[in-house]
> 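Pasting a structure here, questions to come.
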Protein chains: 2
Amino acid sequence: MYNKGTATRTHIINTANNLFYHQGFNQTSFTDIAQSAGIPKGNFYHYFKTKEEILEDVIQQRIKNIENQLNNIEELNLQPADRIRFFISALKNNKNGFAQYGCPVGSIITELGKTQLALKTKSKMILELIQNWLSSQFQQSGKHKTTANTLSRHIMVRIQGAIVIAHAYEDKSCFTEEINQLLEWIDKEASNAE
Amino acid sequence: MYNKGTATRTHIINTANNLFYHQGFNQTSFTDIAQSAGIPKGNFYHYFKTKEEILEDVIQQRIKNIENQLNNIEELNLQPADRIRFFISALKNNKNGFAQYGCPVGSIITELGKTQLALKTKSKMILELIQNWLSSQFQQSGKHKTTANTLSRHIMVRIQGAIVIAHAYEDKSCFTEEINQLLEWIDKEASNAE
DNA sequence: TTATTAATCAGACAATCGTCTGAATTAATA
DNA sequence: TATTAATTCAGACGATTGTCTGATTAATAA
């Protein structure tokens, strides 16, 4: 069978992924994606029937990326609490993007959460994936079995908040500082048994 | 002079304010505002030449509202630290709106921060207004003169984060819990001199 | 080679966007 | 009352939106 198409499809998803992040979902048009990908607009319908379908595939791809990232951390042979620290520290690598465009997940949920609830629900899965992983680490540490959900949600809150403010102020150093504070909080919290 | 117009103008701003919050700026059309306000589209040009101009006036009105709110707190004859607690506690009154539509300021900054930087800069002034007020309260308390900016920014981070997550999960109780945690943190932090 | 499927691509489609006109209407001023 | 200015309002404007044809080319299978 003829399957050059899968490469083209992946190329479209990657292009759309960046544009959705940099411009927002509703502010990114079919024409934008087509031009940016170097693929004529008429060719799109062969791969995706609607813009929503593109976003759904973008989300699936993001989920895969994060799952890979989390799996890589698990293979590092760290203690659960150190896995959490590792994950959060690694976010600092994205500080430039966060300060310029916000969180790729949070910003799209904020956008879609107003009027496009079906798409929002799908995007939300990425946040849940991360929070569940954090929660699982807290449980594995043995010290926070009943508070794992609260603790992991609190981390999500502070990460999202740090990104929103860093984006609003266009100040990446403020993101770094808030993350460092969060790491200190974890050091204290992780040493307290419940 | 004939000035029924000022009432109409205010009515347009109020209508647009709600729609921008509930639908987002770019997802709200002139037609939406016109229909929702019960004013023919052609009449708009008499008051606003562009949609941007409407947003600018919406922001000005929001700034006034928040300034009034902060002034009212100042008149309550509370200690600075209690003024901060009062302001943060009062946010819980908006939990339903936060869970359904996110933060009216944060969500519009996130949206405009991607491609409409001039409008974002104006929206950002609302966040700065609040943070400066918080910072001023910390300084007046006498205990946190050099760390007032860091402390106030941290509060902004946690408020914005709590709203983003409450909105993502459509869970207002999670907002309340995070705010209560924040209040506890302030109790501890405010009692520590620097 | 022939038949079949996969992929490309120019451009049409109705609907909607933000913007703008110009005439009609209303109210205040002279 | 006559004049002037403020306000109303139906609808046109070009540009852009997301969606969709249908003809064409490229690659595989029979």
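Residue numbering restarts at 1 for every chain, and letters A, B, ... go by the order of the sequence lines. For the numbers below, each heavy atom of this structure counts, side chains included, while hydrogens, waters and symmetry mates do not.
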> Whole angstrom is fine here: how far is it from NE2 in B/H46 over to P in D/dG11?
21 Å
> Indicate whether any N or O donor in one side chain lies under 3.5 Å from an N or O acceptor in the other, for A/Y169 and B/Q131.
yes
> Which nucleotide, C/dC17, C/dC20, D/dG18, lies nearest any side-chain atom of B/T31?
C/dC17
> Verify, without hydrogens or angle tests, whether B/N17 (side chain) and B/I13 (backbone) share a donor-acceptor contact under 3.5 angstrom.
no
> Answer yes or no: does a side-chain N or O of A/Y45 lie under 4.0 Å from OP1 or OP2 of C/dA7?
no
> Are more than 12 heavy atoms from other residues, nucleotides or ligands located less than 6.0 Å from atom NZ of B/K92?
yes
> Looking at residues 33-44 of chain B, who's got a heavy atom less than 4.0 Å off DNA chain C?
B/K41, B/G42
> In dot-bracket form, how is DNA chain C paired, counting a Watson-Crick or G-U wobble pair only if both its distances are under 3.5 Å and using | for bases paired to another strand?
|.||||||||||||||||||||||||||||
> From CG of A/N26 over to P of C/dC17, roughly how many Å is that when rounded to an integer?
12 Å
> Can you tell me which nucleotide in D/dT19, D/dT8, C/dC17 comes closest to the side chain of A/F30?
D/dT19
> Could you tell me whether B/N71 atom CG has more than 12 heavy atoms of other residues or ligands within 6.0 Å of it?
yes
> Find the distance B/E53:CD to C/dT19:C1' and express it as a whole number of Å.
12 Å
> Without decimals, in angstroms, what is the distance between B/L19 CG and C/dG18 C1'?
16 Å
> Cut-off 3.5 Å, no hydrogens considered: what does the side-chain donor-acceptor table look like for residues 32-47 of chain A, sequence neighbours left out?
from: A/D32; atom 1: OD2; to: A/S29; atom 2: N; distance (Å): 3.0
from: A/D32; atom 1: OD2; to: A/S29; atom 2: OG; distance (Å): 3.3

> Go through the side-chain N and O atoms of A/Q181 and A/R158 and say whether any donor and acceptor fall under 3.5 Å apart.
no
> Looking just at side-chain N and O atoms, do A/Q137 and A/S141 make a donor-acceptor pair shorter than 3.5 Å?
no
> Round to the nearest Å and state the distance from B/I12 atom CD1 to D/dC9 atom C1'.
13 Å
> I'd like to know if the side chain of B/H144 pairs up with that of B/Q139 as donor and acceptor (distance under 3.5 Å, no hydrogens or angles considered).
no
> Ignoring hydrogens and angles, tell me if any N or O in the side chain of B/K95 forms a donor-acceptor pair with the backbone of B/F175 under 3.5 Å.
no
> Just how far, in rounded Å, is P of C/dA7 from NE2 of A/H11?
15 Å
> Counting just side-chain N and O atoms, does B/S29 come under 4.0 Å of either OP1 or OP2 of C/dC17?
yes
> Calculate the interatomic distance between A/Q27 atom CD and C/dG18 atom P; express it in whole Å.
10 Å
